[in-house]
There are 2 protein chains.
Amino acid sequence: MRAGTAVLTVDAAGMRAQNSGLLLNMIWRERQISRAEIARRTELSPSTVSAIVADLEQAGLVRSIGAGVSRGGRRPTLIGFCDEAFSLVGVELGASHVTVVLTDLRGRVRTQSKASHAVRGDPEGSLQKAKELIQECLEAERVPRRSVVGMGVAVPSPVHPAAPGKMSPLILPAWKHVDVKDWFQTTFDMPVFVDNDANLGALSECFWGAGSGGEDLTYIKLATGIGAGHIIHGDVYRGAGGTAGEIGHIPVDSNGPLCVCGLRGCLVTLIGSTALTERARELMGTRGRKGPTVRDLVEGARTGDAAAKQIIDGMGAYLGIAVGGLLNLLNPAIVVLGGEISSVGEMLLDPLRASVRQRALSVSMAETRIVTSTLGERAIAVGAATLVLQAALRDRSLFPTQTVGRTA
Amino acid sequence: MRAGTAVLTVDAAGMRAQNSGLLLNMIWRERQISRAEIARRTELSPSTVSAIVADLEQAGLVRSIGAGVSRGGRRPTLIGFCDEAFSLVGVELGASHVTVVLTDLRGRVRTQSKASHAVRGDPEGSLQKAKELIQECLEAERVPRRSVVGMGVAVPSPVHPAAPGKMSPLILPAWKHVDVKDWFQTTFDMPVFVDNDANLGALSECFWGAGSGGEDLTYIKLATGIGAGHIIHGDVYRGAGGTAGEIGHIPVDSNGPLCVCGLRGCLVTLIGSTALTERARELMGTRGRKGPTVRDLVEGARTGDAAAKQIIDGMGAYLGIAVGGLLNLLNPAIVVLGGEISSVGEMLLDPLRASVRQRALSVSMAETRIVTSTLGERAIAVGAATLVLQAALRDRSLFPTQTVGRTA
DNA sequence: TGGTATTTCTTCGTCAATCGAACGAACTCG
DNA sequence: CGAGTTCGTTCGATTGACGAAGAAATACCA
């Protein structure tokens, strides 16, 4: 009994908000565009476009960046987005580390800082650590508090849409009594957005990586845990309870080892970092006291180590079972693999694609590109910052109204 | 590099269109509501609401339906939707039959007609059959052509968003040179919408069945083929290539029989109608010349036949593997089972839920309701009609402008 | 029973945002 | 160097929503 999308009503002011938002997005996307061109594309009248652009210029969001090429008459003045007018803070609370980035409005990292920390078991300490790192970043760039739009936080837990600050008691039991969103909001007094790490990896890829230009992709984070994030119609899709994308607990081998979740042969027990390094210890021998790491595995694969290659082949085969199901069920335009191990590139993609081909309809396979991420280890923290950007590009009022415009 | 939803720009007329559309939806959803209540909920001014309601009344879409209860002052005049003002045509091209329904704007079937036909191999004959049935329905109710909003067509093939009239050459090779959408459009000269049968079953459930009230569900059609349809944020999700929901070809048993798609142990080879009836023949013996049908199986299960129960148990177990993956990947709010066999209800749901519990995270499991459809065999044809309704509720201009208003 | 407060809905003047036409500025092309 | 084109702005007209005020209908209370 549901019907058309429940949009908000519009009055005269809402009309302006909607149109100016649309223009802001267009200018952001196009990087440089003339008023005349905007008028042609939006079918708004030239006078309206001029008025709105003046508004945006006043707010310090866009500015003139010289003249374009003539189309047979007066040369157009190009309008560009002020990428550096505001800053975004992105925080990644990983399983065992905290990463903070300070980016501009084009996802470029201005400062970053990172610290190892046992996040899972120590909420208070982790938050304190995050606070220090954030302050460090803000001070390093002498960023005035006024110019920070907001803060995005990536957490290693599903996030329920109705209570975005609460962690899953199953995944992070120690965090039971903490509300992450509230804590950051009260500590830093700015808008805070919280989401799952894989979801934010997906958002990052959609904005800045392999999926840029598209609106639908799935990102798979290969690390200690295996998680996926879906972007559907340009938005993170969280599912009814926020657990969409929990690909790590898909059973792929009914004879596999027992998983913490209670099931047997979950993907994560077979290709999670722990499983990989254990297998590496068996096949490649111990390196130093602590045995081989994922980094060693990547290194081994690069230098042609047969054992490393074998491990990654096996990983591709298992992962293919889950990805095959994904293609049949969701048919995403792109599947992006992230996490440290994904840096081996084709070495993982080849066996993966072969495995998927055995399990997915050729049609869905043909429509889907499977690639590895090129954004590196900051992808998730940047994705967190991107969550703020996405919100602000939708709702202009999130950009602080600044008196002295810093432009770029 | 994508940002805020690419909405259209708004001028004064667009403002009215948006607001009147919103109001129309609200009246449709609420069935009866006063102008004052609309004004409170939409935060539109009372004068504006009155003006828009007058518009809608003029167009024959809504009408006064008496007075409501007073809240301490003048009694409100309730406005209701004219459910019977227009008609919708829904066509289902099944694997071996053609069904046509004529519904009102509340999904109620006014007339229906159905014929067996070998649809897969005979495009021309099927279309001709459909034409006859449609004309039959239109004449039976003496529906003036003017009052038909449009036609929805369900096809047993994935539908590519970019070419909605073309069938998949893999699934329906004989239909290669036919454009279904074009054919119906030129034959009946009205708006035509085409989609996959499972997608339309899902839409039907979302509007009129188990999912009504919600915006996210997955429907699984259990028949000769096994297909799923996803409703995400109130909309059919088709994926990049239109093959989202091809759950039938998820491999659930690596030792299973070979499937037409080239893989082994696909869900459809294990729990498709053919597999079920074959298994029934083994366990229940032949009934008459042709062996047991799905109907016999349902009947057997109802009357407590042990063999039938065993077959359905097995079906639930296999289906659970696929549904478990679905819950982990997509975390829908509701999973609805459709198709003839689903009428056994709990008999299928029990083993299914047990199987899913072994394969899905308890979190996603807890958030998801798994139920059987109650809409019966017309669900898909009605879903096709609903596709037209959904489009028209979004874009009022799809409703024909009629001079003499037929109301309800 | 009658008066007052409340709620509903309409009327009418005001306001805000867009549009369209006209205009000046800047440029290309022949 | 002039004609024609394109770009951006200015200004009056139009449109739709809003707000205040008023009329109608009803509940509540003395």
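When reading the values below, keep in mind they use all heavy atoms of this one structure, side chains included, and skip hydrogens, waters and symmetry mates. Every chain is numbered from 1 and lettered A, B, ... according to where its sequence line falls, protein lines coming before strand lines.
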Check whether any side-chain N or O of [X] sits under 4.0 Å from OP1 or OP2 of [N], and answer yes or no.
X	N	result
A:R74	D:dT5	no
A:R40	D:dT6	no
A:S47	D:dG8	no
B:N19	D:dA17	yes
B:S70	C:dT6	no

Just how far is it from atom CG of B:L398 to atom CE of B:M190, taken to the nearest 0.5 Å?
12.5 Å
Using 4.0 Å as the upper bound for N to carboxylate O, is an ion pair formed by B:D83 and B:R63?
no
Between B:R145 and B:D189, does at least one N-O distance fall below 4.0 Å, as a salt bridge requires?
no
Please work out if A:P46 contacts a base, only the sugar-phosphate, or nothing of the nucleic acid, heavy-atom cut-off 4.0 Å.
base
Over all strands shown, is B:S45 touching base, sugar-phosphate only, or nothing at heavy-atom distances under 4.0 angstrom?
base
Between D:dG8 (P) and A:I38 (CD1): distance, integer Å
9 Å
Length of the CZ-C1' vector between B:R16 and C:dT18, whole Å:
16 Å
Can A:R106 be said to sit on top of A:W28's aromatic six-ring, NZ or CZ under 6.0 Å from centre and within 45° of the ring axis?
yes
With the side chain defined as heavy atoms from C-beta on, A:R71 is closest, among D:dT6, C:dC9, D:dA17, to D:dT6
On DNA chain C, does the nearest nucleotide to A:M15 precede the nearest nucleotide to A:G72 from the 5' side, or the other way round? Give the residue.
A:M15
Of B:R75 and A:G73, whose closest DNA chain D nucleotide lies nearer the 5' terminus?
A:G73
